[in-house]
Structure formats: structure tokens, C-alpha cells
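Only heavy atoms go into these numbers, but all of them, side chains included; no hydrogens, no water, no symmetry mates.
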Amino acid sequence: MTGTSGDTQTESLAQLLGGRRGAIDATLPAVAYGVGWVAGGESIWVGVYCAVAVGVVIAGVRLWRRDRPRSVLIGLIAVCVAAVIALRTGRASDYFLLQLLSNAASALAWVLSIVVRWPLLGVVVGAVLGQRTRWRRDPALLRAYGRASWVWVGQYVTRVAVFVPLYLADQVMALAALRVALTWPLVAACLAVSWWVLRRSLPAGHPGIRHPLPADLR
């Protein structure tokens, strides 16, 4: 029998991990690239100028909001690298190549983390909660994080499955539109479903993710 108690009833992964604002910010340069590419008569240069300009504005706003500078810098670098790739290859859809590759790599990383019993969902949540590796000493929690991490694998695989055909067909506007549709909405769904799986995987009476139970105390 499975169930939950304590803190698992009052908070969710979405509340712990957040991410909505960051996910939305990440889509805006891609949208600007697509709009600029069309408005400029399918000019990669115009699309790149628009994407980088929007990326710089977003970076400035995030710094003003006192987001972590390293996170802001990584986001801006990703936009610039995507722009350079498109300019170097001369293929408009190559702006989205970095995202496609990062999703494929993420899917592989999450699968490997589950196989070696270091599920990345546990790593991330444990870090947020300041638990370090204590959650791994709780067999039930380790198993629950492993099951819930498969939902995140599905998120990345879904993106790759959708983006690859569009990328190969050079469908720039479709890629830009789906970059939006498959970012925050998909992340929100992933957070909700993985939280449900996590809760259902914990045995009845378990105190919740904030309170790992070492094997000898179970």
C-alpha cells in the first residue's frame, strides 16, 4: 500500500523547484529569432540580431531581479552559441540544434542516473532541501525518486521526437512555436506527474521527502 503524510501533502515539486519564470524567459529569444527571420525575408542575420537583443534584455532583467549571475550568463551564452551555429552553417533551423542536442543529452543523463541509482530528481530536490545525500540512505525515497525520474526522461524524449522531424525539414517557425509549447507547459505537466508518482511510490506513514528515513530506522 502506498501513501504519504506530513510535508508531502502541503507542497509540490513546482513549489520546491519553481522554474516557470526561467522557462518562459528561455523561450523568448527563440520566438524573437523566428519572428525576425520571417520579418527579415528569411534572413538568418535578422533573426540572430532579434534573438541576441532579446537575450540581452532578459539577462538585464534577471540581474535586476537578482537572479544568480552564473545562471544568467549561461542563459545568454546559450542564445549566443545557438546564433553562431546558425550563422556558421547558413541553415536557419540550426539555431535550434543546440536545444535539440541538449534535450537528447539530458534524456541520456537522466536514464543513466536512474540506472546507477543516483536519480537526478533526488539529486536536485536533495540539493534544494539541503539534504546532500541523506535521501539516498532511505530505500523507499531512493526508489520513489527513481520512478519519478522516468517522467523527466519522457519530457526530454518527447521534445527530441517532436523537434527532430521539424529540424530535418527546416521548419523554422514550427520549431519556434513548439519551443514555447514544449517548454513551460511540458515542464509544468512533468512537475505535476512526477510529483504524483513520487507521492504514490512512498509507503503509507512515510514522513515525506523532507525527512529521509535511514534503512535501519524503517
Side-chain angles (χ1 to χ4, degrees), residues 17-113 120 123-124 127 152-188 190-191:
L17 304 181
R20 178 175 183 174
R21 181 179 293 169
I24 292 174
D25 287 350
T27 65
L28 295 180
V31 173
Y33 174 80
V35 172
W37 179 75
V38 171
E42 299 189 356
S43 168
I44 295 176
W45 278 101
V46 175
V48 162
Y49 283 137
C50 292
V52 173
V54 169
V56 169
V57 171
I58 290 172
V61 171
R62 291 182 64 189
L63 288 174
W64 178 75
R65 293 194 308 238
R66 298 190 177 181
D67 285 3
R68 289 176 297 180
R70 184 174 65 177
S71 175
V72 174
L73 181 60
I74 290 173
L76 184 57
I77 289 175
V79 173
C80 293
V81 171
V84 169
I85 292 173
L87 289 173
R88 289 293 299 271
T89 65
R91 189 169 182 263
S93 59
D94 277 350
Y95 178 86
F96 302 92
L97 180 60
L98 181 63
Q99 186 201 8
L100 196 161
L101 294 176
S102 67
N103 277 278
S106 295
L108 179 60
W110 280 75
V111 169
L112 289 176
S113 77
L120 282 175
V123 173
V124 173
W152 290 77
V153 174
Q155 173 195 203
Y156 295 116
V157 170
T158 296
R159 289 202 189 102
V160 172
V162 172
F163 285 140
V164 166
L166 295 174
Y167 170 76
L168 294 176
D170 208 23
Q171 296 295 312
V172 177
M173 287 308 297
L175 286 166
L178 286 170
R179 175 70 188 272
V180 177
L182 295 181
T183 301
W184 171 243
L186 186 58
V187 170
C190 183
L191 286 166

Separation of [Y] [atom2] from [X] [atom1] (nearest 0.5 Å):
X: Leu186; Y: Thr158; atom1: CG; atom2: OG1; result: 6.0 Å
X: Tyr156; Y: Leu182; atom1: OH; atom2: CG; result: 13.0 Å
X: Arg62; Y: Leu73; atom1: CZ; atom2: CG; result: 10.5 Å

So, do Val31 and Arg179 sit near enough that their side-chain heavy atoms are less than 4.5 Å apart? no
Any side-chain heavy atom of Val123 within less than 4.5 Å of one from Ser113? no
Which residue pairs pass the side chain to side chain donor-acceptor pair (under 3.5 Å) test when at least one of the two sits in residues 97-112, sequence neighbours left out? Asn103-Arg159
What is the minimum heavy-atom distance between [X] and [Y], and which atoms define it?
X: Ala59; Y: Leu76; answer: CB-CD2, 4.3 Å
X: Pro29; Y: Ala51; answer: O-CB, 3.4 Å
X: Asp170; Y: Ser93; answer: OD1-OG, 2.6 Å
X: Ala32; Y: Cys50; answer: O-CB, 3.4 Å
X: Gly34; Y: Met173; answer: O-SD, 3.2 Å
X: Ala107; Y: Val157; answer: CB-CG2, 4.1 Å

When you look at Val172 and Tyr33, which way does the side chain to side chain contact (heavy atoms under 4.5 Å, CB included) test go after all the steps? CA-CA 9 Å; Val172 177; Tyr33 174 80; 4.0 Å; yes
Output side-chain donor-acceptor pairs under 3.5 Å for residues 35-48, partner residues at least two apart or in another chain, one line each.
unit_1: Trp37; atom_1: NE1; unit_2: Glu42; atom_2: O; d: 3.4
unit_1: Ser43; atom_1: OG; unit_2: Trp45; atom_2: N; d: 3.4
unit_1: Ser43; atom_1: OG; unit_2: Val46; atom_2: N; d: 3.3

Which pairs with one or both residues in residues 54-93 pass ring-ring contact (aromatic ring centres under 6.0 Å, His included), sequence neighbours excluded? none
My understanding is that only residues two or more places apart in sequence, or in another chain, count here; which of them pass side-chain contact (heavy atoms from CB on, under 4.5 Å) with Ala176? Phe96
Using the side-chain contact (heavy atoms from CB on, under 4.5 Å) criterion, which residues pair with Leu166? Sequence neighbours excluded. Val162, Gln171, Ala174, Leu175, Leu178
Counting only pairs under 3.5 Å, give me each side-chain donor-acceptor contact of residues 80-89, with atom names and distances, residues two or more places apart or in other chains.
unit_1: Thr89; atom_1: OG1; unit_2: Ile85; atom_2: O; d: 3.1
unit_1: Thr89; atom_1: OG1; unit_2: Arg91; atom_2: N; d: 3.3
unit_1: Thr89; atom_1: OG1; unit_2: Asp94; atom_2: OD2; d: 2.6

Under the side chain to side chain contact (heavy atoms under 4.5 Å, CB included) criterion, do Trp152 and Val111 qualify, and how do the steps go? CA-CA 9 Å; Trp152 290 77; Val111 169; over 6 Å; no
